[in-house]
Structures are given as C-alpha cells and as structure tokens.
**Student:** 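Dropping the structure in here first, questions after.
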Amino acid sequence: MPYDPHAIEARFQQRWRESRLFATSEKPGSPKFYCLEMFMYPSGKIHMGHVRNYAIGDVVARFHRMRGENVLHPMGFDAFGLPAENAAIKGQSHPKVWTDSNIATMKQQLDRLGLMYDWGREVHTCEPDYYRWNQWFFLKMLERGLAYKAKRTVNWCPGCATVLANEQVENGACWRCQSAVTLKEMEQWFLRITGYAQELLNDLDSLTEWPPEVVAMQRNWIGRSEGAYVEFAVEGAPHRIRVFTTRLDTIYGATYVVLAPEHPLVDAITAPDRRAEVDAFRTKMRAQSTHDRSTSKEKLGVFTGARAVNPFSGERVPIYIANFVLMDYGTGAIMSVPAHDQRDFEFAKAYGLPVRVVVQPGGLDEAALAQASTEDGLLVDSGPYTGLPNREAMAKMGADAKVRGFGEPTVTFRIKDWGISRQRYWGTPIPVVYCDACGTVPVPESQLPVELPYDAPLTGKGESPLARLPSFVQVPCPKCGAPGRRETDTMDTFVDSSWYFFRYCSAREESAAFDRGAAEYWTPVDFYIGGIEHATMHLIYCRFFTMALRDMGLIPFGEPVRRLMCQGMVIKDGAKMSKSLGNTVDPDAMIARYGADAVRLNILFLAPPWDQLDWKESGAEGAARFLNRVYALVEDNAAEVSGETAAPGSGEALALRRRTHQTVKRVTGELDQRLKINTAIAGLMELVNAQQAFLATYGRTPEERFALKESLEALVRLLSPFAPHAADALWELLGRDGFLADGPWPSYDPLIAREQTVTLPVQVNGKLRDQITVPADAPDETVLATAMASGVVQAHLAGKIPVKKFVVKGRIVNLVVKE
RNA sequence: GCCGGAGUGGCGGAGCUGGUAGACGCUGGGGACUUAAAAUCCCCUGGCCGCAAGGCCGCGUGGGUUCGAGUCCCACCUCCGGCACCA
C-alpha cells in the first residue's frame, strides 16, 4: 500500500484525541519542561508564519516528552483587540462572534497539523474567567502604587482611534495600522514599569539563553543614562527650572536654556512681549505628529523673554523653547552647551547664540569651531574647577551641587511608564469607579469581574464606546453608595499577554489567577518561541509583570523565560507574505496536497529556525518524496526484520549500525542544544540513504537483519517529532504498539558510533594532495608514515624532506617543505 | 548617526572550539522501467584547462595572522533588522 498521508493523519489524530494522549498534569518529582509558543491572535486563518512557529515548538515539545520529561505545551488565544472591533464597525458581526468563529477555524487548522497541545488548558483572554484576573492584577498594582492615573501627553493613533503605549509606536507610526501617530494630552492609566527599569536592565545579564539581539534591543529600549539634575533659577521670578544633563562638567559653557514647548513653566515665565510668538510656536508644535517632529532635524525655537541663572557661575542666560527638546525625556528642559553638544551647537548657530569652549582637549579653537567637541580634556573658564580633567570635575561638581542644594547626580531611563488605557470596546474594563465624594475608587475584589457588556455602540470615532452605555457607566460608588461613574476605557491587550503563561498552569482555576503550586511546578517557561517583533513590547511587559507578581508574593522568581528563540520570517519571492502583496500560501491547501507531515518537514528543513525562510513549494514535494521513500522502505522490510535479536555485527552490518548510532547522536545533539532542526532532518535523510545503500548488498544474515531492524526502528523514533503521524504509522507497520510520543527517545552506544578507520586528507604546503585511510586510533608516527608512503605525496615533495609535519588526530596531515 | 545580524554553487542551505568548502534537499541534464506519460530507480550537476591522469581558481572586496582561514584580526562595500534631536 502506498503512503497515504491523509488517511494516516486523520487516523492518528483521532487516536491521539481518543486516548487523551496530550493531556498533562503535574508530576511532583519528575523533571518538567514548559515549552511555549506565543499564543495566537485570532485573526481569521493561520498562515505559514504560524505553521513555522508552532512546528518548531512541537518538535521541541515532542523531543523532550520522548526523553521522559513531563512536558507542558499549551495553546490559547489572545482574543481581545482592535481587528475584532473594526470588523464589527464594518458591520460584519459582533466582536465576540467574530472572535469565537475565528478561534474555531484556527483551532481546527492547528489540529490538522498534528500539534501536541493540551487543549484542556486553552485560554481565551476575552472571557470573563480570564480577564477578571487582569482586573485583579490591576487592583493589586493600584494598591502597591504600580498603577496610577495621570494627565500626560500621549501617543494617539488616529487610525485606531486610541492611545498607544510608547512601545507600540514604530518610527512615528502605529505598530498595527501604520497611521502617523500624533500627540494628545489625556488622562490615562499607567503601570509603573519604570520602577523596575534598573532590574529589567540588570537581569538582562542573566538571560544567557536569549538571542543577544533581543537583549541588546531591550537594553537600548530601557536606555539607562547617568547624569545629574541641576536647577536654574528664573531671573525675577520664583520658578526654578530643573534640567537633566549627562555633561555637568560643561555647565560653565551653558549659554542658554531650552524648555520643551509643552513644559509646564512656559506659560509662567514667558514675557508679555514674547507671548504671541511663543503661543504660535507651541500651537505649531502641537499640531505636528511625533514623526514629523523627529524626522525634520532642523532646529527651531523661540525666545521666551525670560532668563535663567546658572547656579554655578551666576551667569544669566536666555530661556528658549525649541522643537528638539522633548517633554517626555529627562525633565523636559536642558542647559545648552553649544561648544560640546552638536544639537546645541546647531541651534546656537541658527539663533546667533554664543559658543564657549570649556573642555579643552588641546588645540581646540573656539572661534573656528565647525561642530561641537565631545572629547575629554581639561576644564577652562570654569571658575574653581578650571584646570581639572573634565571627568574628574563632573563627579566633583555633582557632589558640590548636592551640598549646595541646587542639584544632584542621578540616573534617568528612556523607558516610560506603560500607558494602558485604550478608548476602545473590545478589551478588559478597567475596574475603577469615579465618585464625586470619594474620588477614584477601586472596584472591590468581590465584585470582579467587571464584565464587558455585550452590546455597545461601536463607532471607531475615538471615544470609549462604553461611555455611551448608561447601564454600564452608572454604578453606585463601592465606598459610599452614592451615584458614581465607571471608568470607560479598557486595557491594552498587552496586559492580557503579560501573564497568560501562568494561567496555563491551572487554566480552570476559579479562585485565583493561577494555582501557586502548579505555577511553581511548571514555571518559569523553559523554552519560548515567537517573533522578534515583540522584543520591546510583549517580551519586556511580561518580564515586568513577572517581577511585579514576585513582589506580590505570588511566585518566587522574577524572570519568566529561560530560553528564548525568535523564529525567522516566512517570505515568498523575496517579500514578506502578506495579503496585500498576494503572495500568501494557504497552509490548508498545502496540507490537502502533501499532508501535514510533509508541510511540517518542509518548513523545518528549508532553513535554521531563526533564519528568514524563503517558501518554496518544490520543497514540500521533496519532503513528501522523502516520507514516501521512508514508508516504502519500512513497509518492504517490516516482515524481514521482525523478531530479530541483538547481534554485534561486522562488515556492512556493523557499518550500518555505526551510521545508525551516529545519527541518533547527531539528531539528539541538534534537538537538545543547537536546535538546528534543518540539519537534524538532513541527518535523517542521510540515514535513509545509507539504509537503501545497505539493502543493495543485503545478504539476510542474522546480523544484517538485526542491523537493519535496529536502524529502521531508530529512524522511525527519530522521525517522530518532525512527522509524528507518519512515524506512528511506521511504528505500527513494524508491528509495534503504542504511540511514539510516549518515548523512549533512542539512545546510542558511543563505542558503536565510533569510526574504526578514518580517511585523512594529506596536504603538502597547505594544498590537498592525497587521502589516506588509517585506523582511527593510529599513532601519529603511523599516520605520518602512511602519508609519506603515498606516491602522490612523494611526487609533490619532489625529493625534499619536510621541515615541518602536522598531524591533527582524525583531521588532517600537512607536510611543509621549503620551496 | 548609533547598536545588532548577515554576505558560501542555478536555488534553500551544510561546514562543531581554524583542519578535505559545497553535507542534505531543490532545480537542471543524461539513463533505466513504460506503447507513452506520471511515479519510481541509477548517474552527473561551482568555474576554467585537459582525451585522461590531473591541475589551477573559487565562501562580498582588499590586507594581515597561521603549516593551514568560510571560520580569527584590521580596513572597506552591500543587504537586513532595531533605535534615532534621549540632553
């Protein structure tokens, strides 16, 4: 019977389901392995990127399970979010209906791939039994001061009609819809991720099994910067302007001060005759998108008419507002030292402000300065600090500022608090009530969940749909009972995904977000796979959440993920697969054509997991061909090898055994350490080639029959993580019972795997000239003698005696002669 | 601009801590089987010279270290990704 992937796949998927093969539970005392792939957004249908991500995860999960570890391998749905709401606005269907139907479709597609998921732990973040715990965490954070409400200038996406967190803005555009993001002043809920900035940074060093590029991206994102705060008094006014600088040593060279246009002191200090110009500038800036503001590098600003007093020198300098100073970094105000900062230099040149060198590296000519100098040197014109090396002066000046009460050394971070308010419907309601008498009142835990009402007017116009539902808004104050108003914004969906991996540990738990014992058994996640696009979004949020949960006493550690792998993109014809380009490949069609095992094998074989992968249909054909060959090979020889018992073997039989044991070693190593799944599969192909070659000289001696049996059995087991249906079917053909997922993983005998003879290249002066075959354990002298005995080698030596001889055991011989 | 990563046949990719460059697969060519085709199987498939044996050249470019470099060092080019007026 020829290999029929569809019949086999349907049959085994059913048998796995019926025997509840993939259900997992805690087994105290046995080693666990938590294998996780980033859960799915239920967008409609799965694409090749999903197939790749989940196929990789499945190989790892199955491998560890076969090795006898207790593997947790769950899947769920990141089910809140804008697309569902947008679909509803287009009149398609209710977000819940849309989401549920997409989940049903995608689950079916996943099952068709034969993925080893424990669906008993499935989570849907849009269900109250999940999001109530978002609300619960929010309340806990509120208690601990980790959640707070503030009026801030925030990123507004006109396309999505909602606020975005900093992490969700890419080059001034919305990460989801690419609209240009604008700034808007709004009251927002924030999570104090900055409170963990230092720890998030420190811990990066311990994430040795994360891709270094992700670690680097997070380090950049956190953006630690050491410097100092210094206060400049405003001349003739009671105000003080606090600036942040990393170059306190240059303060005697400060020739002006700049505030961000949105700085709260601008109004108060602006001179009457400058007001019109200042207001006009501020209006212009406000209208600009963040993107426009940062892409145009032109320095623009206006003088406020006020002057600031340099606390060190007492000098009076003009105060400007300018486009290059940002309200949300540092203090929103800077001292400008044009001689030693390029931006300050450009602004000074444009506005005719003085440039004064205060750090002299030697030979710097103030009058001829064409750009700012950032070199170290000795301070000049710097009062009592004149003559000091600038680095030394910086420390001294920081300490002095502190003593004198107008500044102090400090550290700032680029990372901002995480704004989680979203003016949309399809998300977790923020569990807060506003009361005229009591102010902002948290909803008591006993009243959770605050359920998302089913019907809400969805307009996509940028105000919270919930605000237009009196039945939702109007609620008695939980504290005093007087009429109150509910918060009508919902949470960023990245809150949902920040802790879902804990929920999987006890997904049906009703009395807590997760069962502590279960979480302590399973977490942290041992192996996590997902796209690198989450490097500074989900992957930083979930680290923050884990630290916060630890500080709440819910778990005993702060880092959620031991080993992280970012799978590469799947592209076709040199471009990312996307609907708009029309170059998508439908996984269902591929499965219908070649079978799930061939699709899995192909996508795994084409490139290392982390590399970009160029999808080629011809590869799927190759994979199907390989499975066909294996099937025929096993089927033809199943009867032949049944019942054979161990025989040591010699000659060809031993050679096959060696190949078998070498392959087990190689594939095990790849899956355990390097995860070069593509070369693991190549190893299996080589083994099949060797088996077929062996059959050409097969003489049916008992030892040959045993070697073949051993080899075929190992092959089928090794194949199981990659092509699980085919492998189980082959196992059955071999007359064996049970499912391969239950293991064991084959072991190898190093003595059998060891080569007895080796073929060594012989070089003369570094050029390959001949090959010799010697026993693997031959001493160097023997190897050398054999090499020298070669006629080809002798010819190249041309009668000369080698001046140097290199013998690298098992590798190479190189003979060096003088020309 | 700064920080990462990568440049190897017609293609995807192998090549572990420096040691036979091109494993494995795809494509292409030739052959077997077949009335024929598909499927399958066998052989060849980096370039150049040569009847052959064999030789020379080849891992983005140019240098260097080394008995020996795809791998290490220096400079440069190209591509991809991230951050980007961060004070």
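Below, chain A is the first sequence line, B the second, and so on; all start at residue 1.
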**Student:** Can you tell me how far P in G22(B) sits from the matching atom in G10(B), rounded to whole Å?
**Tutor:** 16 Å
**Student:** Both distances below 3.5 Å, Watson-Crick or wobble geometry, any strand: find the nucleotide opposite G4(B).
**Tutor:** C80(B)
**Student:** In chain order, what residues pass the side chain to side chain contact (heavy atoms under 4.5 Å, CB included) check against Arg343(A), with sequence neighbours excluded?
**Tutor:** Lys299(A), Phe324(A), Asp341(A)
**Student:** Mind calculating the distance between CE (Met537(A)) and P (C83(B)) to the nearest angstrom?
**Tutor:** 9 Å
**Student:** Send over the distance from Leu768(A) CG to G58(B) P, rounded to a whole Å.
**Tutor:** 15 Å
**Student:** Measure from CE on Met569(A) to P on G5(B) and round the result to the nearest Å.
**Tutor:** 18 Å
**Student:** Going by purine N1 to pyrimidine N3 plus the second Watson-Crick contact, or the G-U wobble pair, all under 3.5 Å, which nucleotide sits opposite G18(B)?
**Tutor:** none
**Student:** Could I get a table of every N or O pair under 3.5 Å where one atom is in the protein and the other is in nucleotides 46-54 of chain B?
**Tutor:**
none

**Student:** Closer to the 5' end of RNA chain B via nearest nucleotide, is it Arg629(A) or Ile532(A)?
**Tutor:** Arg629(A)
**Student:** Please report the distance, rounded to the nearest Å, between CE in Met327(A) and C1' in C85(B).
**Tutor:** 16 Å
**Student:** Partner of C24(B) by Watson-Crick or G-U wobble geometry, both contacts under 3.5 Å, or none?
**Tutor:** G12(B)
**Student:** Between Leu204(A) and Trp210(A), is any pair of side-chain heavy atoms under 4.5 Å apart?
**Tutor:** no
**Student:** Distance-only check: which donor-acceptor pairs under 3.5 Å involve side-chain atoms of residues 770-787 of chain A, not counting sequence neighbours?
**Tutor:**
| unit_1 | atom_1 | unit_2 | atom_2 | d |
| --- | --- | --- | --- | --- |
| Asp770(A) | OD2 | Ser790(A) | OG | 2.6 |
| Thr786(A) | OG1 | Thr782(A) | O | 2.7 |

**Student:** What is the separation between atom CG on Asp672(A) and atom C1' on C16(B), rounded to the nearest whole Å?
**Tutor:** 15 Å
**Student:** Assess the pair Phe605(A) and Phe626(A): is the distance between their ring centroids shorter than 6.0 Å?
**Tutor:** no
**Student:** For U40(B), which nucleotide in any strand shown is its Watson-Crick or wobble partner with both distances under 3.5 Å?
**Tutor:** A32(B)
**Student:** Between Ser225(A) and Val808(A), name the one whose nearest nucleotide on RNA chain B is closer to the 5' end.
**Tutor:** Val808(A)
**Student:** Using atom names, set out every protein N or O paired with an N or O of nucleotides 13-15 of chain B below 3.5 Å, distance rounded to 0.1 Å.
**Tutor:**
| unit_1 | atom_1 | unit_2 | atom_2 | d |
| --- | --- | --- | --- | --- |
| G13(B) | O3' | Asn678(A) | ND2 | 3.4 |
| A14(B) | OP1 | Lys676(A) | NZ | 2.6 |
| A14(B) | OP1 | Asn678(A) | ND2 | 3.0 |
| G15(B) | OP1 | Arg674(A) | NH2 | 2.9 |
| G15(B) | OP2 | Lys676(A) | NZ | 2.7 |

**Student:** Please determine if a side-chain N or O atom of Arg625(A) lies less than 4.0 Å away from the OP1 or OP2 oxygen of C26(B).
**Tutor:** yes
**Student:** Determine the Euclidean distance between corresponding P atoms of G15(B) and G25(B); express it in Å to zero decimal places.
**Tutor:** 15 Å
**Student:** Using the side chain to side chain contact (heavy atoms under 4.5 Å, CB included) definition, which of the options Val355(A), Leu353(A), Thr250(A) pairs with Pro338(A)?
**Tutor:** Val355(A)
**Student:** Using the side-chain hydrogen bond (donor to acceptor under 3.5 Å, both in side chains) criterion, which residues pair with Ser711(A)? Sequence neighbours excluded.
**Tutor:** Thr660(A), Gln691(A)
**Student:** Give me the distance, rounded to whole Å, that separates C49(B) from A53(B) when you measure between the C1' atoms they each carry.
**Tutor:** 14 Å
**Student:** Looking at U27(B), U20(B), A87(B), which one has an atom nearest to any side-chain atom of Glu621(A)?
**Tutor:** U27(B)
**Student:** Show each protein N/O and nucleotides 68-73 of chain B N/O combination with a separation under 3.5 Å, one pair to a line.
**Tutor:**
none

**Student:** Can you check the distance between G19(B) and G81(B), where both ends of the measurement are the C1' atom (answer in whole Å)?
**Tutor:** 34 Å
**Student:** Could you tell me if the side chain of Arg52(A) sits less than 4.5 Å from the side chain of Met569(A), heavy atoms only?
**Tutor:** no
**Student:** Are any of Asn602(A)'s side-chain N or O atoms less than 4.0 Å away from OP1 or OP2 of C26(B)?
**Tutor:** no
**Student:** Which residues satisfy the side chain to side chain contact (heavy atoms under 4.5 Å, CB included) test with Asp597(A), sequence neighbours excluded?
**Tutor:** Tyr3(A), Glu9(A), Arg600(A), Leu627(A), Ala723(A), Pro724(A), His725(A), Ala726(A)
**Student:** Looking for any heavy atom pair under 4.0 Å, which part of the strands does Asp328(A) touch: base, sugar-phosphate only, or nothing?
**Tutor:** nothing
**Student:** Between Phe494(A) and Gln168(A), is any pair of side-chain heavy atoms under 4.5 Å apart?
**Tutor:** yes
**Student:** By a 5.5 angstrom centroid cut-off and a 30 degree plane limit, is there stacking between Tyr329(A) and C86(B)?
**Tutor:** no
**Student:** Among all residues two or more places apart in sequence or in another chain, which pass the side-chain hydrogen bond (donor to acceptor under 3.5 Å, both in side chains) test with Gln612(A)?
**Tutor:** none
**Student:** Please report the distance, rounded to the nearest Å, between CG in Asn323(A) and C1' in C85(B).
**Tutor:** 8 Å
**Student:** Given atom CZ of Arg343(A) and atom P of A84(B), what is their separation to the nearest angstrom?
**Tutor:** 14 Å
**Student:** Among the candidates A87(B), C85(B), C24(B), find the nucleotide nearest to the side-chain atoms of Met685(A).
**Tutor:** C24(B)
**Student:** Looking only at atom C1', what distance separates A14(B) and G30(B), rounded to whole Å?
**Tutor:** 27 Å
**Student:** Name the pairs: protein N/O against N/O of nucleotides 28-32 of chain B, kept only if under 3.5 Å.
**Tutor:**
none

**Student:** Taking side chain to side chain contact (heavy atoms under 4.5 Å, CB included) as the definition, give me every residue that meets it alongside Ala690(A), ordered by chain and number, with sequence neighbours left out.
**Tutor:** Arg659(A)
**Student:** If you check the Ile812(A) side chain, which of A23(B), U20(B), C85(B) turns out closest?
**Tutor:** U20(B)
**Student:** Under 6.0 Å between ring centres: does that hold for Phe312(A) and Phe406(A)?
**Tutor:** yes
**Student:** So, is G9(B) syn or anti if syn means the angle is within 90° of 0?
**Tutor:** syn
**Student:** Using the salt bridge (charged side-chain N to carboxylate O under 4.0 Å, His left out) criterion, which residues pair with Arg219(A)? Sequence neighbours excluded.
**Tutor:** Asp205(A)
**Student:** Would you mind reading off the distance between Phe722(A) atom CZ and G25(B) atom P, rounded to a whole angstrom?
**Tutor:** 15 Å
**Student:** Would you indicate what Thr759(A) reaches in the nucleic acid, counting non-hydrogen atoms under 4.0 angstrom: base, sugar-phosphate, or nothing?
**Tutor:** base
**Student:** Does Arg414(A) have a side-chain nitrogen or oxygen under 4.0 Å from the phosphate oxygens OP1 or OP2 of A84(B)?
**Tutor:** yes
**Student:** Using the test salt bridge (charged side-chain N to carboxylate O under 4.0 Å, His left out), find all partners of Glu755(A) that sit at least two apart in sequence or belong to another chain.
**Tutor:** Arg658(A)
**Student:** Would Arg152(A) and Glu262(A) pass as an ion pair if we require N to O under 4.0 Å?
**Tutor:** no
**Student:** Counting distance alone, no hydrogens or angles: does the base of C67(B) have a donor or acceptor under 3.5 Å from a partner atom on the side chain of Lys805(A)?
**Tutor:** no
**Student:** Counting only N and O atoms by type, is there a donor-acceptor contact under 3.5 Å from the side chain of Asn310(A) to the main-chain atoms of Ile251(A)?
**Tutor:** yes
**Student:** Would you state whether a donor and an acceptor, one from the side chain of Arg219(A) and one from the base of C2(B), lie under 3.5 Å apart?
**Tutor:** no
**Student:** Less than 4.0 angstrom between a side-chain N/O of Thr246(A) and OP1 or OP2 of C86(B), yes or no?
**Tutor:** no
**Student:** How about Met788(A) and Leu815(A): do any of their side-chain heavy atoms sit closer than 4.5 Å?
**Tutor:** yes
